[in-house]
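One structure is given below, encoded as structure tokens.
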Amino acid sequence: MKITSFEVNGRSTYGVVEGEVVIDLIGLAADLDKEFPSSVQKLIEDGEGALHKVEELLERCREGNDFAEYQYSVDEVNWLAPIPHVKRNIMCVGKNYREHAIEMGSEQDIPKHIMIFTKATNTVTGHKQSIPLHENVTEELDYEGELAVVIGKRGRAISSDEAMDHIFGYTILNDLTARDLQKKHGQFFIGKSLDSSCPIGPYIVTKEEIDDPHQLEIRTSVNGEVRQSSSTELMIFSIPEIISILSKGMTLEPGDIIATGTPAGVGKGFKPPRFLKAGDTVDIAVRGIGILTNRLQ
């Protein structure tokens with residue numbers, strides 16, 4: 001199941017993407033006089049029971065054409081981030097691919113222990129949304145294509161064996177980064193937290209749709225030129241390890257988003273560096289999930 005939030009006809013809603021169609025679950029539920037979670041965040045919090053309600057609505061929708069008014073082409077909706085208003089900062093794994101750690105420094109930069117930083121909540125935006133270049137504060141805005149994990153079940157001190165049970169689904173994330181701010185301030189937060197610098201989407205694919213999240217091709221293109229081409233099997237720290245380590249002393253909550261790191265091929269890794277400029281289009285494709293597209297302005 002592919003779940004996302006969007007705007008259509010001047011209102012915000014959420015639904016399920018099937019092929020080239022987006023089904024408005026809120027409108028459909030209201031028409032059928034069904035109680036239904038009011039947002040994707042609430043849907044995740046309500047657990048498996050809420051997903052069963054989604055399935056029931058979809059079955060009604062498929063029965064005939066009575067509910068065609070709640071079905072929209074993917075081209076006529078304004079995409080939002082799947083969770084437009086995240087409750088907490090996006091948690092991100094740094095240098096989780098060996099070759100990326102080397103391109104950012106040397107083999108000495110390959111981490112022995114997991115590196116975590118966060119992006120502020122104001123960074124979140126959606127598929128096909130324009131991204132400001134922030135030319136007034138940075139001259140070195142860079143892309144980072146990543147697989148992201150969405151937590152579905154609350155937990156602390158989660159073991160690696162139990163970690164996958166706490167996942168709701170997977171999505172794509174672009175960890176846009178101001179490299180000059182990162183260097184100037186000697187830490188990640190400021191350079192990672194510019195407004196709209198965390199496009200997420202186009203949707204969340206629920207976990208049962210992905211057989212193995214560690215066997216997914218990931219590719220980032222800028223204006224059609226492939227810059228990053230790798231596989232999630234090359235992550236240094238696996239998804240169960242990431243969840244287990246993060247949750248040792250911190251409770252993970254439904255709707256938490258964890259970016260699992262970016263492979264080699266970022267703009268800073270080229271000689272000379274190839275940072276983003278106005279008019280550039282960035283496409284991030286992850287097999288089994290889709291393509292996240294944004295244009296810089």
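Keep in mind it's a predicted model, so treat the numbers as computed, not measured.
- Within a 6.0 Å radius of CD in Gln297, more than 12 heavy atoms belonging to other residues, nucleotides or ligands are found.
- Side-chain N or O atoms of Lys119 include one that pairs as donor or acceptor with a backbone N or O of Ser197 at under 3.5 Å.
- Between the side chains of His52 and Glu55, no donor N or O sits under 3.5 Å from an acceptor N or O.
- At a cut-off of 3.5 Å, with distance as the only test, no side-chain donor of Ser244 or Glu241 sits close to an acceptor on the other residue.
- Using a 4.5 Å heavy-atom cutoff, the side chains of Ile243 and Pro240 are not in contact.
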Please assess Thr4 against Val40 for the test side chain to side chain contact (heavy atoms under 4.5 Å, CB included), listing each intermediate value before the final yes or no. CA-CA 7 Å; Thr4 197; Val40 174; over 6 Å; no
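- For Glu208, the CD atom is densely surrounded, since the number of other residues' heavy atoms within 6.0 Å is greater than 12.
- Side-chain contact between Tyr14 and Pro37 is present, with heavy atoms from C-beta onward closer than 4.5 Å.
- Clustering ILVMFWY residues whenever any of their side-chain heavy atoms sit less than 4.5 angstrom apart, transitively, puts Leu292 in the very cluster that holds Tyr170.
- In this structure, Glu146 and Gly261 approach most closely via the heavy-atom pair OE1-N, 2.8 Å.
- Taken to the nearest 0.5 Å, the CD atom of Glu217 stands 10.0 Å off from the OG atom of Ser230.
- A salt bridge links Arg274 to Glu225: one of the charged nitrogens lies within less than 4.0 Å of a carboxylate oxygen.
- Formation of a donor-acceptor pair under 3.5 Å by the Asn174 side chain with backbone atoms of Tyr143 is not found in this model.
- With a 6.0 Å radius and a threshold of 12 heavy atoms from other residues, nucleotides or ligands, His85 has its NE2 atom at or below the threshold.
- Environment of CZ in Arg88: crowded, with over 12 heavy atoms of neighbouring residues, nucleotides or ligands closer than 6.0 Å.
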Check step by step if side chain to side chain contact (heavy atoms under 4.5 Å, CB included) holds for Thr262 and Gln228. CA-CA 9 Å; Thr262 198; Gln228 295 180 289; 2.8 Å; yes
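- With contacts defined as side-chain heavy-atom distances shorter than 4.5 Å, the pair Asp256/Pro254 does not qualify.
- Under the 3.5 Å distance criterion, with hydrogens and angles disregarded, no donor-acceptor pair is assigned to the side chains of Asp24 and Tyr72.
- Linking Ile, Leu, Val, Met, Phe, Trp and Tyr residues whenever their side-chain heavy atoms come within less than 4.5 Å places Tyr203 and Phe6 in a single cluster.
- Using a 4.5 Å heavy-atom threshold, the side chains of Lys128 and Asp75 count as touching.
- In this structure a side-chain-to-backbone donor-acceptor pair under 3.5 Å is present from Thr232 to Leu216.
- Here the side chain of Thr138 pairs no donor or acceptor atom with the backbone of His134 at under 3.5 angstrom.
- In this structure, Ser159 contributes its side chain and Glu162 its backbone to a donor-acceptor pair below 3.5 Å.
- You'll find the side chain of Asp195 stays beyond 4.5 Å of the side chain of Thr123, heavy atoms only.
- Here Ile116 contributes atom CD1 and Phe237 contributes atom CZ; the two are 9.0 Å apart, rounded to the nearest 0.5 Å.
- We find that Lys184 and Asp180 are not joined by a salt bridge, their nearest charged nitrogen and carboxylate oxygen being 4.0 Å or further apart.
- For Ile218 against Ser231, the heavy-atom pair with the smallest separation is CG2-N, 4.0 Å.
- The side-chain hydrogen bond (donor to acceptor under 3.5 Å, both in side chains) test with Gln129 is passed by exactly one of Asn294, Asn78, Thr293: Asn78.
- Side-chain contact between Met1 and Leu51 is present, with at least one heavy-atom pair separated by less than 4.5 Å.
- Within 6.0 Å of the CD atom in Glu139, the count of heavy atoms belonging to other residues, nucleotides or ligands does not exceed 12.
- For Gly155 against His166, the heavy-atom pair with the smallest separation is CA-CE1, 3.9 Å.
- A salt bridge links Arg179 with Glu144: at least one charged nitrogen is closer than 4.0 Å to a carboxylate oxygen.
- Note that OG of Ser196 and CG of Asn122 are 8.0 Å apart. Values are rounded to the nearest 0.5 Å.
- Atom NZ in Lys268 sits 8.5 Å away from atom NZ in Lys271 (nearest 0.5 Å).
- Under a 3.5 Å cut-off, the side chain of Thr220 and the backbone N or O of Ile284 do not form any donor-acceptor pair.
- Nearest heavy atoms, Ile83 versus Gln41: CG2-OE1, 3.8 Å.
- At a threshold of 4.5 Å between side-chain heavy atoms, the hydrophobic network of Ile, Leu, Val, Met, Phe, Trp and Tyr places Leu276 and Phe188 in two separate groups.
- Both tests hold for Arg227 against Phe270: distance to the six-membered ring centre under 6.0 Å, angle to the ring axis within 45°.
- The hydrophobic clustering, which links ILVMFWY residues whose side-chain heavy atoms are closer than 4.5 Å, places Val149 and Ile158 together.
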Dump the intermediate steps for side chain to side chain contact (heavy atoms under 4.5 Å, CB included) on Leu58 and Ile23, then the final yes or no. CA-CA 8 Å; Leu58 294 177; Ile23 301 169; 3.7 Å; yes
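- In this structure, Asp109 pairs ionically with Lys95, as a charged nitrogen and a carboxylate oxygen lie closer than 4.0 Å.
- Hydrophobic clustering (ILVMFWY, side-chain heavy atoms < 4.5 Å, transitive): Val21 and Ile204 are in one cluster.
- Taking every heavy atom of both residues into account, Ile257 and Ala148 meet most closely at CG2-CB, 4.1 Å.
- The side-chain heavy atoms of Lys87 and Glu45, taken from C-beta on, include a pair separated by under 4.5 Å.
- Atom CD1 of Ile291 sits about 8.0 Å away from atom NE2 of His127, to the nearest 0.5 Å.
- No donor-acceptor distance shorter than 3.5 angstrom exists from the side chain of Asn96 to the backbone of Met235, with no hydrogens or angles considered.
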The test is side chain to side chain contact (heavy atoms under 4.5 Å, CB included); show your working for Met91 and Leu246 and say whether it passes. CA-CA 9 Å; Met91 290 172 272; Leu246 275 172; 4.2 Å; yes
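- Side-chain contact between Leu147 and Ile239 is present, with at least one heavy-atom pair separated by less than 4.5 Å.
- Listed for the Glu140 side chain is no donor-acceptor partner under 3.5 Å among the backbone atoms of Phe275.
- Remark: the Thr177 side chain and the Lys192 side chain contain an N/O donor-acceptor pair separated by less than 3.5 Å.
- Annotation: the span from Leu181 atom CG to Ile190 atom CD1 amounts to 7.5 Å, rounded to 0.5 Å.
- Side chain of Asp31 to backbone of Leu28: no donor-acceptor contact under 3.5 angstrom is found.
- Between the side chain of Glu7 and the backbone N or O of Ser12 there is no donor-acceptor pair closer than 3.5 Å.
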